[in-house]
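In this chain, numbering begins with 1 at the start of the sequence shown. Atoms within a ligand are numbered from 1 in the order they appear, just like the ligands themselves.
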Amino acid sequence: MRTETPTTVRLEDYRPSDHLIDRVELDVHLDPHDTRVTATLALRPNPAGRAGAPLVLDGDDLTLLALELDGQALAPDAVRADASGLTLHRPPQRPFTLRIETRLDPTANTRLMGLYRSNGVYCTQCEADGFRRITYFLDRPDVLSVYTTRIEAQREAAPILLGNGNPVEAGAVPGTDRHYAVWHDPLPKPAYLFALVGGRLDRVAKPFTTMEGRAVEIAVYVEPGKADRAAYALDAVERSMAWDETAFGRAYDLDVFNVVAVSDFNMGAMENKGLNIFNDKYVLASPETATDGDYAAIEAIIAHEYFHNWSGNRVTCRDWFQLCLKEGLTVFRDQEFSSDMRSRAVHRIAEVRNLRARQFPEDAGPLAHPVRPKQYAEINNFYTATVYEKGAEIVRMLRTLIGETAFRAGMDRYFADNDGTAATVEDFLDAFAAVTGRDLSRFAEWYERPGTPRVAVSGTYDPAARTYRLAFRQTRPGAGADAPPLVIPIGLGLVGPDGPLDGPCAERVEDGVFVLETAEDAVTFENVAAEPVPSLFCAFSAPVRVESTLDDDARLILLRHDPDSFNRWEAAQRIALGLMTDQVRGETAGDAGADDFVIALGAFLDAEGLRDPAFAAQVLALPSEGDLADEIGTEIDPDAISSARRHLRRRLGTGLRDRLLSLRAALAEPEGTPFSPDAAAAGRRALRNAALDLIAAADPEAGTVLAQAQIARATNMTDRLAGLATLALLPGEAREAALSAFAERYASEPLVLDKWFAIQAMIPEDGTVARIRRLQGHPAFAHTNPNRVRSLVGSFSLANPTQFNRADGAGYALVAETVLALDGTNPQVAARLMTAFGPWRRLEPVRRAAAETALRRIAATPGLSRDVTDIGTRSLAG
Ligand SMILES: [Zn+2]
């Protein structure tokens, strides 16, 4: 077993490895319980390390069978080996070879780290530190080696054998029922990018020729019988390869690119070199089983993992503190890809919704950390929204600051200077400093401290001088009193009552961007004919909270006329947030405001409903209960928030009813239209379903009839599920009948039943905790499968604020029990589930006490994993 004593790893303690491993030869004999791994490692002292240092190889849960140095067995006093590591006290001061034979049990590996079996398929997950569960190794990202892997298995059980790199050789093992395959990866890589797969799988493939003329075979492997659901993923790989050539000049570098879908997977997917392994949720899609959201997620995640081939694999991270170097950058790259494939404006809104829903609360709670953390006890707990999403926002700001041309030149320089190495955030910024001649050291502060910055903005118009002055003041809550000001790019525009103003100009506003570099600053626009409304942080130019003095009349002008689509959406969101927070605080003055809002939305729908349905659907979707909680910030009462949101939905549904009905009719696909997952068709479905949701909120009877009819006629999962989601909010017979029918229809479809679990977990009613306990006993539910757990318990804790935060603590107790039940088998998923308690200190006192009780109960349980101990300690600290 591995040591569960939390030890803190610090960035400042980094030093290079004392040894390097140039070449790795693995011979893996797959067996359900008795897999044998022989590793032959070509080692040498690292000139940058300490001369004469012992060789300390990482191990986790390993059984050592044999060990030889340069072909000789080692004297017992020369080596210390146990399940958690192997130490050679006096390794040779010259290149040498270690041959290590270990035994492991893939079937018993419920952590899903290292080598394990998923539905009978052998697969691996090595990031961050799973390779040490396969063999003893220098399991750190700055040790790069060339791998040759021979995989052997029973042919019947595993006809497909895949490794990293290119296939070299394959054949039968004479005199046995076994066969083998040899794979060679010519490009040096860290152990976390190692992968192998063995199993019975169906394959779809297509050829691709790179801009360098290399012929590549792209293949997607899925469970037998599901090949027809792999076409979209295969197509997404092809589009990703082409896009990375055009957008970043990056070509693929092996002869094959393989994607394998498995059903038991802790994360979304993994970018192993040439052999990406995916949670099947992010590969399998058919109109009957996948929603438009699923298609978009598959496209984005396929792209993300493929783009890692350069940002992560060819240039990897020196240490895990640099995780954002590969993740933030690659999220930015996949966001740009999706924006090019779909509507840029709509995608930007989705990105910001996600950032605000996940990263802002993280940054305001006990689990806040810098984008580049300075220390960790368990690295698996740092695959966070802050590292990924805020990390991507930093890259985006960098591009805004230096411009697209310089950004592309800087990226080229970064890849050229660091190819084949393990890099740092400093190396990344150095490339952009080199091509622009700019000092980016102050910009680098974005990586260093936690907390979401606030920027207060106020505008003053001088009619005599025809000037408009915008004053900015930045503060950094959570970053520490001595935190220096950040470099913040602020996209700016001025809008008048009839449209955008083109005449005004201001010094220090270039291409519509002003850069705030000090705690306070101001910019003055000249030649302003009438008092304008400022459009601030256009396209969300920085991940900050904006405090402006705009009133709703000004926001209505932005909703109508702002050329920046993001800020049109933002204007509607801010108005809705204001109306709902007034309601929560018992200030009913908002009622007249609500009428104005309904009128404005009506006009907006008349103008945009049919022109850009995807965008209109975003504008109609009110801020979530989580957004509202985040806005209110302290003494949060989820019931009051839920009721305020319900109230506003009812008002919109009542006031817009006729328009919503006619939009639904106008946007309906003519019968017989073949399904297409493209952005335009998805946008029409999104608006129809947003309309259904509001109609039902105002008129449950009409909503029930419409939702039932929609389910009965649905030709795709998006419409069917939207109908079911609408019914799920309307208690009664119709709901239960629809839920039963859905379960029956998809009884053999685990990924679809996940949607069914999630919809029920999100029902905001008192009976939901009991319903979830019942569903935990459903034959399709399994605690060992992370997708099932996330669908049922994860959806409950993250997307059912009133029931998770029940004042009697029953919601917290349910999640705490699940965390404890899971911790023994899969600590990584248990710890992830526990992060739902993050915002507990911001709740009103009764719920705060109940949440604390549940957290303390988890923390006081003996024998906890390092993963859960770490989240518990940090959640309760301070
Ligand atoms: Zn990634």
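Side-chain atoms of E212 and Y252 include no donor-acceptor pair closer than 3.5 Å. Defined by atom type and a distance below 3.5 Å, a donor-acceptor pair is missing between the side-chain atoms of W310 and D244.
A ring pair (Phe, Tyr, Trp, His ring centres under 6.0 Å) with Y376 is found for exactly one of Y383, W320, F321, namely F321.
Ordered by chain and number, H304 NE2, H308 NE2, E327 OE1, E327 OE2 make up the set of protein N, O or S atoms under 2.8 Å of the Zn ion (ligand 1).
Figure legend: R117 and Y122 shown as a cation-pi pair, the cationic atom lying under 6.0 angstrom from the six-membered ring centre and within 45 degrees of its axis.
Note on residues 254-265: pairs passing salt bridge (Lys or Arg N to Asp or Glu O under 4.0 Å), not counting sequence neighbours, are R214-D255.
Residues L162 and N258 approach most closely at CD2-ND2, 4.0 Å, considering heavy atoms.
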